[in-house]
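Order of listing sets the numbers, starting from 1, for every ligand and every atom in it.
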Amino acid sequence: MTTAGAATGERFGDLFEAAFSRVREAAGRIGTHPDVLTVLEHPKETLATNLLLRRDDGSLASCQAWRCRYSDVLGPTKGGVRFHPQSNEREVIALALWMTCKCAVVDIPYGGAKGAVRVDPRDLSETELQRLSHAWVHAFASMIGPERDIPAPDVATNARTMAWMADEYGRMIGRQEPAVITGKPLALGGIPGRGEATGKGGFIVLDALAQRLDLKPSETRVMIYGFGNVGRSMAQFLEEAGYRIVGAGDSSGAVTSQKGLTVDELDKAKRAHGSVSALERDGVRRLRSASSLISGDCDLLVLAALQNEIHEGNAGKVKARAIIELANGPITPEGDEILHRRGVHVVPDILANAGGVTVSYFEWLQNRERQAWTWQRVDETLKRIMRDAARRVGDTALELDVPLRQAAYAVALRRLEAAIMATAPVPSNGDSPHARPPAVSRGG
Ligand code: NAD
């Protein structure tokens with residue numbers, strides 16, 4: 001067990017710095033108590049280790065792995081585990097900070113966490129992936145637990161990975177403990193609707209803010225950047241509501257058609273050839289790289305791939321009037337600034353993609369209560385929570401006269417401030433750290 005070390009360099013600078021700059025900016029705007037920033041500027045604990053993986057050919061590989069519990073001030077920490085060849089510690093810490101803010105925006109009693117293994121999962125067989133998942137649980141067993149830290153799927157991990165992890169945890173403690181991990185298969189205590197929850201949550205938020213964003217479904221052309229789990233389910237909800245999908249892409253390329261693409265034909269191309277870019281028919285244009293969608297001719301751009309997709313080099317080329325961030329951190333602060341100057345509305349990640357963690361919370365509740373939630377209960381409760389969060393953020397944007405991103409961070413900070421100041425160490429001169437009352441109580 002080693003403590004986390006130096007940051008890995010990134011093309012767009014330090015991801016954590018970029019993430020924290022948003023917190024600092026919002027804190028300046030609403031006058032957050034300095035103690036709160038002192039608490040929030042550093043993660044509670046980060047563990048870095050190396051996992052040993054016996055390959056199928058008998059050789060031994062070593063993979064860097066991390067878990068960061070950023071803040072548990074609002075409850076047990078919660079966050080996904082990703083398998084990705086470029087994962088690094090600063091990315092994990094940034095993602096854990098975003099999880100902290102995300103849970104606070106939707107007002108669920110969780111802190112934020114994240115985990116990763118630096119590995120290319122496409123290089124691993126099923127048995128190797130299973131051994132790696134077991135190894136991850138062994139390495140981080142002292143950090144996780146149903147009342148302490150609860151992992152979930154993220155990029156390149158899924159319900160099957162969570163089943164392996166939950167099973168291994170159960171073996172270690174001598175009994176099954178489903179509430180230790182969410183995003184499990186239904187047969188192991190998973191919850192109906194988890195697979196589509198992030199896309200559905202994004203759609204509910206978009207629908208709640210449509211008037212403010214001046215989007216009418218029948219007049220709105222949409223491009224989906226990242227037609228994976230989240231992008232695909234968002235596309236499905238948009239299609240059902242009457243939006244026209246005019247572009248979709250993934251890591252192998254993209255397709256566009258101003259007359260419209262159906263989710264069904266995109267699915268078929270992806271199933272048959274591994275990429276939506278394989279779709280071939282009259283009126284469909286194929287693009288070698290999905291990055292062309294960033295400057296594509298559309299009204300709404302859905303970002304559902306990875307971080308740093310829009311930056312100072314391409315933000316000026318965006319034609320969409322509105323963007324919804326379903327990926328975490330897909331726009332750099334510099335890109336954001338340019339979009340804001342150009343009047344492009346951005347629905348921020350910490351609000352837009354919170355549907356996944358919200359339904360994970362329902363899964364955790366049902367596991368602890370030994371109950372099974374119905375799909376209807378999940379659907380209704382998700383709608384209520386996401387609409388309330390969208391309304392809180394929309395109202396705060398009006399109150400402070402700021403873009404939605406700053407408003408979302410202001411909502412999160414007010415919630416975190418109330419909890420942090422309630423327990424802050426009292427100064428030795430006896431002055432109460434509560435000299436100024438917390439800005440807003442729970443639910444505000
Ligand atoms: P996924 O792996 O199912 O889908 C990602 C998609 O993005 C794939 O289609 C992939 O081909 C595409 N992609 C990757 N790199 C690309 C590139 N450079 N250019 C174009 N396309 C590229 O993952 P997912 O679960 O859909 O997650 C997508 C994003 O949403 C991630 O950033 C994730 O952190 C975020 N997110 C996911 C959830 C969830 O519940 N799954 C919740 C919150 C946030």
Here the pair of heavy atoms bringing Val73 nearest to Ala419 is CG2-CB, 3.8 Å
Could you check whether the rings of Phe237 and Phe203 sit parallel, tilted or perpendicular, using 30° and 60° as the cut-offs? parallel
Heavy atoms of Leu382 and Gly201 approach each other most closely as CD2-N, 4.3 Å
Within the 4.0 Å heavy-atom cut-off, what Arg82 brings close to ligand 1 is side chain
- prompt: Heavy atoms, side chains only, cut-off 4.5 Å: are Pro146 and Val180 in contact?
  reply: yes
Closest to atom 42 (C) of ligand 1 among protein heavy atoms sits Thr198 OG1, 3.3 Å
If you scan protein heavy atoms around atom 21 (N) of ligand 1, the nearest is Asp250 C, 3.2 Å
Does Gln366 use its side chain to pair, donor to acceptor, with the backbone of Gly189 at less than 3.5 Å?
yes
Note: ligand 1 atoms sitting under 4.0 Å from heavy atoms of Asn328 are 32 (O), 34 (O), 35 (C), 44 (C)
Atom 29 (C) of ligand 1: closest protein heavy atom, distance to 0.1 Å, is Ala305 O, 3.2 Å
Exercise for review: I would like to know whether Gln236 and Glu196 meet side-chain hydrogen bond (donor to acceptor under 3.5 Å, both in side chains); could you show each step before the answer?
Suggested key: CA-CA 10 Å; Gln236 174 114 54; Glu196 64 188 22; over 6 Å; no
Note: Arg194, heavy atoms under 4.0 Å from ligand 1, region reported as side chain
Is there a side-chain contact between Leu238 and Val302 (heavy atoms, below 4.5 Å)? yes
The closest protein heavy-atom partner of atom 4 (O) of ligand 1 is Gly228 CA, 3.3 Å
Please check whether Asn229 reaches ligand 1 - meaning an N/O of the residue sits under 3.5 Å from an N/O of the ligand, judged on distance alone.
yes
| query | Do any heavy atoms of Gln307 fall under 4.0 Å from ligand 1? | reply | no
Contact region, Ala304 to ligand 1, non-hydrogen atoms below 4.0 Å, reads backbone
### Task
Consider every N or O of Lys102 and every N or O of ligand 1, then say whether any pair is closer than 3.5 Å.
no
(message) Show, in sequence, the C-alpha distance, side-chain angles and deciding distance for Thr157 and Asp154, and conclude whether the side-chain hydrogen bond (donor to acceptor under 3.5 Å, both in side chains) test is met.
(response) CA-CA 5 Å; Thr157 54; Asp154 196 69; over 6 Å; no
At under 4.0 Å between heavy atoms, what of Lys270 touches ligand 1? The answer is side chain
Closest to atom 36 (N) of ligand 1 among protein heavy atoms sits Leu326 O, 3.8 Å
**Any donor-acceptor pair under 3.5 Å from Asn308 side chain to Thr332 backbone** = no
By ring-ring contact (aromatic ring centres under 6.0 Å, His included), Trp136 pairs with (sequence neighbours left out) Phe140
Ligand 1 to Phe227, heavy atom cutoff 4.0 Å, flagged ligand atoms 9 (O)
re atom 10 (C) of ligand 1, the protein heavy-atom contact at minimum distance is Ser251 N, 4.0 Å
Hits for ring-ring contact (aromatic ring centres under 6.0 Å, His included) against Trp373, two or more places apart or cross-chain, chain-then-number order -> Phe362
protein heavy-atom neighbour closest to atom 17 (C) of ligand 1 works out as Tyr225 OH, 3.9 Å
Honestly, for Leu95 the part within reach of ligand 1 (heavy atoms, under 4.0 Å) is neither
Note: heavy atom closest to atom 7 (O) of ligand 1, options Gly231, Gly226, Gly79, Ser289, belongs to Gly226
My question is simple, although I want it checked carefully: is atom 23 (O) of ligand 1 less than 4.0 angstrom from any protein heavy atom?
no
#### Entry: N/O donor-acceptor pair under 3.5 Å between Tyr70 side chain and Leu40 backbone
yes
Honestly, for Asp349 the part within reach of ligand 1 (heavy atoms, under 4.0 Å) is neither
Numbered in order shown, the ligand 1 atoms found under 4.0 Å of a heavy atom of Ala290 are 20 (C)
Heavy-atom proximity to atom 27 (O) of ligand 1, picking from Val230, Ile294, Val357, points to Val230
Between Thr182 and the options Arg194, Glu363, Lys78, the side-chain hydrogen bond (donor to acceptor under 3.5 Å, both in side chains) test singles out Lys78
